Amino acid sequence: MGTDIGLLLSRREIELSSLSSRVVAVDAHNTLYQFLSIIRQRDGTPLMDSGGMVTSHLSGILYRFTNLIEEGIRPVFVFDGTPPDFKSKTLDKRRKVRETAHSRWDEAREKGLEKEAYKYAQASVKLDSYVIESSKTLLSIMGIPVVQAPCEGEAQAAHMVKSGDANYVASQDYDSLLFGAPFVIRNIAITGKRKLPGKDAYVDVKPEVIDLEHSLGQMGITHPQLVDIALCVGTDYNNGLENIGQKRALELVKKHGDIESVLRKLGKEIDDLESIRDFFLNPPVTDDYDIIWQKPDHDRLIDFLCNEHDFSRERVAKAWERIIAVSGSQQKTLDQF
DNA sequence: ACGTAATA
DNA sequence: TATTACGTG
């Protein structure tokens with residue numbers, strides 16, 4: 001998932017409190033995927049209501065964004081639209097991996113192999129229309145605005161920061177930087193600990209900002225050259241070159257200037273090179289959206305989470321108190337303008 | 001991932 | 001008060 005250019009970028013640790021009153025364009029796909037893969041029981045079974053509907057993503061949205069709202073952060077969720085044609089090979093491949101993982105999850109669970117089951121459960125996560133629609137419902141109940149991207153959500157989120165309608169993109173992936181996002185926040189979570197994949201070890205993770213211009217300056221390259229580096233290491237739309245990782249890709253692009261020269265030198269080719277590069281530099285986006293933080297709806301919150309999806313009334317009531325405590329004062333500051 | 005109770 | 005273990009839906 002995403003493009004592996006993290007080692008090349010400069011990051012700066014921040015406190016969540018420094019984001020107060022800032023508008024954060026949340027990469028919905030990335031965030032929901034994260035919730036669905038991590039909020040699980042030890043054998044990989046996700047949280048579910050009595051009707052068997054998955055609720056892990058709803059739990060993640062409720063608790064994380066209650067906290068962010070309490071910090072005074074103004075989140076906007078940006079959902080994916082229709083992917084470009086040249087992504088179809090990648091999407092087919094992901095679907096096959098997912099299906100294989102799903103059957104291996106079942107097998108491992110039958111044999112009582114918890115760790116293996118958990119691993120395959122994570123790999124079989126799919127964002128279906130139920131997950132998308134139920135997420136949008138909860139967000140609207142919480143008063144959090146939703147923007148529908150015409151194409152890739154990360155491109156739309158990047159556009160919103162460029163145009164000044166948002167201050168940051170929030171995503172664990174780096175792709176919004178390829179789409180030109182000036183500022184990207186990673187690790188915008190509450191608990192400062194993350195499990196290392198495959199290991200039983202945990203590391204402390206703090207929220208961090210990646211500044212695109214600053215990163216480009218440190219590397220001594222331009223934005224189009226960063227896109228060329230991404231094309232070398234592989235993106236959601238192409239496979240990348242053999243034995244070329246991010247460090248060597250940076251050296252090659254700096255030395256030869258652009259990817260065409262690099263490919264000539266190596267005697268290699270990348271399918272749809274022109275289209276993919278143009279897609280990163282000039283992606284389909286829209287200005288047809290409204291970012292308005294509505295008043296959260298208490299009755300609908302209780303009905304949706306407790307009656308429909310079996311959440312604890314006590315916990316939802318507690319979250320409600322925290323949401324409403326700041327949304328009241330925030331509403332005032334909005335009214336003043 | 002997050003909340004909460006238990007633990008030290 | 002800070003860290004860990006367990007439940008959440």
Side-chain angles (χ1 to χ4, degrees), chain A residues 1 15-17 19 24 26-73 75 77 105 109 114-115 117-119 121-128 130-139 141-142 144 170-173 185-208 296 300-326:
Chain A
M1 288 288 265
E15 296 298 326
L16 222 48
S17 56
L19 298 176
V24 177
V26 177
D27 175 3
H29 184 94
N30 183 265
T31 302
L32 296 178
Y33 189 88
Q34 213 92 353
F35 287 153
L36 286 174
S37 65
I38 290 164
I39 304 178
R40 282 169 186 276
Q41 297 169 166
R42 265 179 290 276
D43 68 347
T45 309
L47 302 186
M48 288 183 295
D49 61 27
S50 53
M53 303 304 275
V54 172
T55 55
S56 297
H57 58 302
L58 302 177
S59 180
I61 292 172
L62 176 70
Y63 294 120
R64 177 183 290 182
F65 286 89
T66 292
N67 274 301
L68 297 186
I69 288 167
E70 201 173 37
E71 291 283 357
I73 296 168
F77 265 66
W105 174 24
R109 206 171 27 188
E114 271 198 346
K115 289 222 160 182
Y118 193 94
K119 188 177 74 182
Q122 285 192 310
S124 55
V125 165
K126 181 179 190 291
L127 294 192
D128 57 17
Y130 158 72
V131 170
I132 300 296
E133 291 312 313
S134 54
S135 297
K136 287 179 177 174
T137 300
L138 178 56
L139 289 165
I141 291 171
M142 292 175 74
I144 297 170
S171 179
Q172 291 303 102
D173 286 351
I185 301 180
R186 300 182 75 248
N187 308 332
I188 188 165
I190 304 312
T191 9
K193 291 205 167 181
R194 168 120 357 113
K195 193 177 182 298
L196 291 172
K199 292 283 277 177
D200 258 336
Y202 289 79
V203 280
D204 270 317
V205 279
K206 287 203 115 192
E208 61 188 19
R300 284 182 69 208
L301 189 72
I302 301 295
D303 189 51
F304 183 68
L305 290 180
C306 304
N307 298 343
E308 205 170 322
H309 291 297
D310 301 332
F311 276 60
S312 141
R313 300 190 110 78
E314 193 185 345
R315 287 186 172 204
V316 173
K318 215 164 263 184
W320 169 258
E321 291 303 326
R322 297 169 59 200
I323 295 170
I324 206 68
V326 285

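No experiment lies behind these values; they were computed from the predicted model shown. In what follows, chains carry the letters A, B, and so on, assigned in the order in which the sequence lines appear, proteins first and then strands, with residues in each chain numbered from 1.
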Interatomic distance where CD belongs to Glu314(A) and P belongs to dT4(B) [whole Å]: 8 Å
- prompt: Reckon Arg64(A) has a side-chain N or O less than 4.0 Å from the OP1 or OP2 of dA1(B)?
  reply: no
- prompt: What distance do Ile73(A) atom CD1 and Asn67(A) atom CG have between them, rounded to the nearest 0.5 Å?
  reply: 9.5 Å
task: Measure from the side-chain N and O atoms of Glu208(A) to the backbone N and O of Arg186(A), and report whether any donor-acceptor pair falls under 3.5 Å.
output: no
message: Donor-acceptor pair, distance only, cut-off 3.5 Å: does the side chain of Asp43(A) make one with the backbone of Glu114(A)?
response: no
task: Calculate the interatomic distance between Ile190(A) atom CD1 and dG3(B) atom P; express it in whole Å.
output: 7 Å
- prompt: For Glu70(A) and dC2(B), what is the distance between atoms CD and P respectively, to the nearest whole Å?
  reply: 13 Å
task: For Trp105(A) and Thr45(A), indicate whether the former's side chain and the latter's backbone hold a donor-acceptor pair under 3.5 Å.
output: no
Got a list of protein N/O to nucleotides 5-9 of chain C N/O distances below 3.5 Å?
| from | atom 1 | to | atom 2 | distance (Å) |
| --- | --- | --- | --- | --- |
| dG9(C) | OP1 | Ser312(A) | N | 3.0 |
| dG9(C) | O3' | Thr55(A) | OG1 | 2.7 |
| dG9(C) | O3' | His309(A) | O | 2.8 |
| dG9(C) | N1 | Gln41(A) | OE1 | 2.9 |
| dG9(C) | N2 | Pro46(A) | O | 2.8 |
| dG9(C) | N2 | Met48(A) | N | 3.1 |
| dG9(C) | N3 | Met48(A) | N | 2.8 |
| dG9(C) | N3 | Met48(A) | O | 3.0 |

message: From CD1 of Ile323(A) over to P of dG3(B), roughly how many Å is that when rounded to an integer?
response: 12 Å
- prompt: If only side-chain N and O atoms of Asn67(A) are considered, is one of them under 4.0 Å from the OP1 or OP2 phosphate oxygen of dG3(B)?
  reply: yes
Side-chain donor or acceptor of Arg40(A) paired with backbone N/O of Leu36(A) under 3.5 Å: yes
- prompt: Would you find a donor on one side and an acceptor on the other, under 3.5 Å apart, between the side chain of Asn30(A) and the backbone of Gln172(A)?
  reply: yes
